[in-house]
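Encoded as structure tokens, the structure appears first; notes follow it.
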There are 2 protein chains.
Amino acid sequence: MTISIYDGFMPDSYPAPARFPVTVDVVALTILGGALHVLLITRLLEPFRGTLALPGGFVLAAEDLVAAARRELAEETGVEQVPGHLEQLGSYGPAGRDPRGDVLTVAHLLMAPNFPVLAAGSDAEHAAWYPVGNVMDGSLELAFDHRQILDDAVERAKSKLEYSPLGAAFCGEEFTIAQLRAVYEAVWGTRLDPRNFHRKATGTPGFLEDTGQMFMGDAGRPAALFRLAPAARASAGQPTRAVLNPPLMRPHG
Amino acid sequence: MTISIYDGFMPDSYPAPARFPVTVDVVALTILGGALHVLLITRLLEPFRGTLALPGGFVLAAEDLVAAARRELAEETGVEQVPGHLEQLGSYGPAGRDPRGDVLTVAHLLMAPNFPVLAAGSDAEHAAWYPVGNVMDGSLELAFDHRQILDDAVERAKSKLEYSPLGAAFCGEEFTIAQLRAVYEAVWGTRLDPRNFHRKATGTPGFLEDTGQMFMGDAGRPAALFRLAPAARASAGQPTRAVLNPPLMRPHG
DNA sequence: TCAAAAGTGTTCCGCATACACCCATGC
DNA sequence: GCATGGGTGTATGCGGAACACTTTTGA
């Protein structure tokens with residue numbers, strides 16, 4: 001067996017390996033009116049001009065992937081510091097996903113509390129929240145393979161809720177148990193028993209921290225306000241099993 | 001807000017976006033002598049010449065990521081059809097992980113039964129199995145950020161065993177319950193109760209299929225031979241929750 | 001007969017599920 | 001008072017953990 005020119009790096013005299021444009025795409029999810037929503041832009045250029053697509057753009061030289069995703073999000077929403085939890089989802093391509101050539105994209109998942117998207121001028125790609133359900137049932141079309149990426153992102157979000165404290169990433173800094181439950185119900189598309197959810201959420205050590213404050217809703221008894229406990233906050237990124245073990249089970253299958 | 005030249009694709013008149021060399025790296029895991037092993041090559045070229053590294057190489061034009069990983073594995077092991085389950089793990093870079101510049105790598109995870117690696121000639125990078133424990137405890141050094149990638153891969157493998165039937169990917173086509181249990185014990189680094197594991201494995205609908213054959217070991221009663229049930233085989237790649245629900249729990253935390 | 005490993009039965013208990021019930025607010 | 005939602009108590013049952021016990025081979 002001989003050494004292929006593509007095995008590891010080669011001396012300068014060897015032909016250079018193929019180079020690819022690399023983009024980051026972001027599946028930004030949030031809860032709006034009890035339903036899961038995704039941030040989409042309307043493309044201004046060909047291909048797929050006028051079609052909805054995930055926000056994203058090219059990775060710059062010497063730039064990290066998550067940093068690139070964060071930068072693109074800020075640029076396309078007009079929001080300096082986008083809130084929520086951002087993590088890498090997976091890579092797609094480079095073959096056969098763009099009509100103009102090989103483009104590798106690294107998709108990211110943002111689980112965020114609802115934040116207002118700044119309306120851009122008419123010459124900029126306009127970002128806005130769209131119900132995920134409208135993409136799933138086919139009433140909204142997405143450019144490129146973004147439908148597939150969205151599917152994967154939603155599936156990832158669903159499973160994240162089971163064994164990680166990241167459901168709270170959809171809430172603000174402080175939230176009630178009912179608000180947290182609404183997140184689980186929206187993402188999983190199910191109803192959960194309020195009483196049992198309350199016990200599980202408050203009873204899991206290292207998950208929630210009582211702020212001592214109260215939240216007055218439209219009706220009914222005021223609810224206690226919670227925040228993420230430091231332990232859960234620290235473990236947000238890592239593949240931890242420290243909290244929510246055994247996991248919060250999503251019903252059925 | 002104006003349109004950045006990096007937002008989406010630009011007309012030909014705009015400057016081209018940065019292009020990156022893209023590699024695929026493969027963390028090939030298997031069980032040898034009851035311990036988790038990883039496939040490593042010894043680098044023949046700078047940088048990290050003489051250091052152990054994950055097998056991998058550059059993605060070709062118009063090539064898919066998993067296909068590239070499969071091709072590189074075949075090239076560097078001399079094995080035409082590498083067995084086991086191959087999936088994408090995640091992407092690393094492009095910033096700050098290679099002394100010579102920005103290289104994006106897409107890491108992959110192979111969970112495979114033990115297969116012999118063909119000894120390459122002295123001029124080729126030689127692939128061989130090494131105990132994962134020897135990397136973890138620092139007695140083996142890896143090139144680039146491959147230590148980090150290995151850590152992530154092992155963690156992924158651990159969690160895969162919990163809720164997917166992919167533990168069987170470490171076994172051959174047919175296997176006994178004890179062999180399957182040895183996989184779980186090696187990956188998780190724990191001991192499992194043989195009796196309870198047997199009940200859980202055989203009792204999970206859609207997981208295992210009895211071949212009717214028997215396997216004679218060194219001592220003791222012969223064990224029944226099983227294979228993956230069709231349902232589990234089909235769901236191998238997808239984020240399924242069809243089998244192993246509730247999951248096989250790994251002890252403690 | 002004994003060792004060793006396969007496989008079954010049984011007990012215990014934590015926790016998910018379901019739901020009755022009480023608490024605290026606005027109207 | 002009544003409606004509405006927050007929060008607690010409690011019974012039931014599934015399934016994981018632990019382990020006694022039987023089965024089937026080789027030596």
Side-chain angles (χ1 to χ4, degrees), chain A residues 33-34 161-163 167 171 174-186 188 190-227 241 243-253, chain B residues 34 161-163 167 171 174-185 188 190-227 241 243-253:
Chain A
L161 293 201
E162 285 191 288
Y163 58 85
C171 302
E174 301 186 345
F175 48 88
T176 69
I177 301 295
Q179 288 165 353
L180 184 61
R181 176 167 50 84
V183 167
Y184 282 74
E185 293 181 331
W188 286 348
T190 57
R191 308 295 301 181
L192 297 173
D193 187 298
R195 288 110 17 143
N196 293 334
F197 183 88
H198 186 280
R199 200 189 346 258
K200 176 75 178 176
T202 55
T204 299
F207 185 17
L208 297 180
E209 197 176 56
D210 197 332
T211 64
Q213 307 223 3
M214 290 302 222
F215 176 83
M216 310 288 183
D218 293 344
R221 173 176 168 178
L225 274 173
F226 292 83
R227 71 170 70 89
R241 302 194 57 81
V243 295
L244 269 62
N245 196 3
L248 255 169
M249 302 280 238
R250 60 172 136 155
H252 199 196
Chain B
L161 293 201
E162 286 191 289
Y163 57 86
C171 302
E174 301 186 345
F175 49 87
T176 68
I177 301 295
Q179 288 166 353
L180 184 62
R181 177 167 48 85
V183 167
Y184 282 74
E185 292 182 332
W188 286 348
T190 57
R191 309 294 303 182
L192 297 173
D193 186 295
R195 287 95 41 132
N196 291 334
F197 183 88
H198 186 279
R199 203 189 344 260
K200 175 74 177 178
T202 57
T204 299
F207 185 15
L208 297 181
E209 197 176 56
D210 197 333
T211 65
Q213 308 223 4
M214 290 301 220
F215 176 82
M216 311 287 183
D218 294 343
R221 175 176 168 177
L225 274 173
F226 292 83
R227 71 170 71 88
R241 302 195 56 81
V243 294
L244 269 61
N245 197 1
L248 254 168
M249 302 279 238
R250 60 173 136 156
H252 198 195

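So you know, we letter chains A, B, ... as the sequences are listed, proteins then strands, and number each from 1.
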Exercise. Provide the closest heavy-atom pair for B:I177 versus B:A201 in the form atom of the first, atom of the second, distance.
Key: CD1-CB, 4.3 Å
Self-check item: Rounded interatomic separation in angstrom, taking CZ from B:R181 and C1' from C:dG7
Solution: 12 Å
Practice problem: Assess whether one donor atom and one acceptor atom, taken from the side chain of B:R221 and the base of C:dA5, lie less than 3.5 Å apart. | Solution: no
Quiz item: For the residue pair B:C171 and B:V183, what are the closest heavy atoms and their distance?
Solution: SG-CG2, 3.8 Å
Self-check item: Partner of B:F226 under side-chain contact (heavy atoms from CB on, under 4.5 Å), chosen from B:L180, B:T176, B:T202
Solution: B:T202
Using residues 211-224 of chain A as the side-chain source, report each donor-acceptor pair under 3.5 Å to any protein atom, sequence neighbours left out, with the distance given to one decimal.
from   : atom 1 : to     : atom 2 : distance (Å)
A:T211 : OG1    : A:Q213 : N      : 3.1
A:T211 : OG1    : A:L225 : O      : 2.7

Quiz item: A:F197 has an atom CZ; how far is it from atom C1' of D:dG5, in whole Å?
Solution: 16 Å
Exercise. Considering just the side-chain nitrogens and oxygens of A:H198, establish if one lies under 4.0 Å of OP1 or OP2 belonging to D:dT8.
Key: yes
Quiz item: Over how many whole Å does the gap from A:F175 atom CZ to D:dG6 atom P extend?
Solution: 14 Å
Quiz item: To the nearest Å, how far apart are B:L225 CG and D:dT25 P?
Solution: 14 Å
Exercise. Taking the side chain as every heavy atom from C-beta outward, state whether B:E162 and B:W188 have any pair of such atoms under 4.5 Å apart.
Key: yes
Practice problem: Assign each of A:T202 and A:A219 to its nearest nucleotide of DNA chain D by heavy atoms, then name whichever residue's nucleotide is nearer the 5' end. | Solution: A:A219
Quiz item: Under the 3.5 angstrom rule, does the side chain of A:E185 hit a backbone N or O of A:G34 as a donor-acceptor pair?
Solution: no
Exercise. Rounded off to whole Å, could you give me the CD1-to-C1' distance for the A:I177 and C:dA24 pair?
Key: 17 Å
Quiz item: Just how far, in rounded Å, is C1' of D:dT24 from CG of B:D218?
Solution: 16 Å
Could you list all N or O pairs between the protein and nucleotides 19-21 of chain D that sit under 3.5 Å apart?
none

Quiz item: So does A:K200 get a side-chain nitrogen or oxygen closer than 4.0 Å to the phosphate oxygens (OP1/OP2) of C:dA16?
Solution: yes
Exercise. Please report, rounded to the nearest Å, how far the P atom of D:dG26 is from the CE atom of B:M216.
Key: 6 Å
Practice problem: Take the protein atom CD of B:E185 and the nucleotide atom P of C:dA5, then report the distance between them rounded to whole Å. | Solution: 13 Å
Quiz prompt | Passing candidate, side-chain contact (heavy atoms from CB on, under 4.5 Å) with A:E174, options A:Q179, A:E209, A:R227 | solution = A:R227
